[in-house]
Amino acid sequence: MEGCARCPLRAGAHRVVLGEGDPHAGIMFIGEGPGAEEDRQGRPFVGPAGQLLTRMIEAIGLTREEVYIANVVKCRPPGNRTPAPEEAAACLPFLRAQVALIRPKIIVLLGSTAGRYTLSPDFRVTRDRGVWTERKGVWMIATYHPSALLRDENYKPAAWRDFKAIRAKWREIQGA
Ligand code: URA
């Protein structure tokens, strides 16, 4: 992937940020794309939004090591802009391969970009978050992107409800 030429993003990024975590994780988190710190380190969600995500994962009794964390695009869009539809489309085969290999039981979509390219093209996080969808035996739910929570504290109660719903679903699946 280091030599990827499927879209222009690779040329402007230092590192390809594929994902990290347990390759057999039951829960997978999908964000939008690497930011500045992720691009520096080659790891997903390690900047300010990532630190918040880590705390939220820990707040529901899990660790980063036991989940899997990936993004829609694997290379940082310049200035952290939203990936263009062609860029997302070019990179989606890698995300699909990750889902196929990891075979999570729960997929958590962080923000509108993740929802749009996995659930529905007209996905809107404010309208569509917090609702479970089952696809081929995988439970999917969207919530606010942690960057949105850093920008606007008012989203935090709903995001926390979503994380509690994730904890409940995970317990239910494990108990089944
Ligand atoms: N935001 C994302 O969507 N992904 C990251 O990896 C970091 C910040």
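Numbering of ligands and ligand atoms starts at 1, following listing order.
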**Request:** Before signing off on this row, confirm whether Asn71 and ligand 1 have an N or O atom pair separated by under 3.5 Å.
**Result:** yes
**Asked** Do any N/O atoms on Phe45 end up under 3.5 angstrom from N/O atoms on ligand 1?
**Response** yes
**Atoms of ligand 1, numbered as shown, that sit under 4.0 Å from any heavy atom of Gly31** = 3 (O)
**Item:** Same apolar cluster (I L V M F W Y, side chains within < 4.5 Å links), Leu9/Ile30
**Value:** yes
**Asked** Among the heavy atoms of Gly33, does any lie under 4.0 Å from an atom of ligand 1?
**Response** yes
**Prompt:** Is His145 in contact with ligand 1, taking contact as a heavy-atom separation below 4.0 Å?
**Reply:** yes
**Item:** From CA spacing to verdict: side chain to side chain contact (heavy atoms under 4.5 Å, CB included), Leu95, Lys74
**Value:** CA-CA 9 Å; Leu95 183 64; Lys74 312 306 189 200; 3.9 Å; yes
**Asked** Quick one: does ligand 1 sit under 4.0 Å from the side chain of Glu32, the backbone, both or neither, non-hydrogen atoms only?
**Response** both
**Request:** List in chain and number order the residues that pass ring pair (Phe, Tyr, Trp, His ring centres under 6.0 Å) with Tyr155, two or more places apart in sequence or in another chain; answer none if no residue qualifies.
**Result:** Tyr144
**Complete:** Contacts of Tyr68 meeting ring pair (Phe, Tyr, Trp, His ring centres under 6.0 Å) (sequence neighbours excluded), chain-then-number -> none
**Asked** Counting distance only, does the side-chain N/O of Glu38 pair as donor-acceptor with the main-chain N or O of Gly35 below 3.5 Å?
**Response** yes
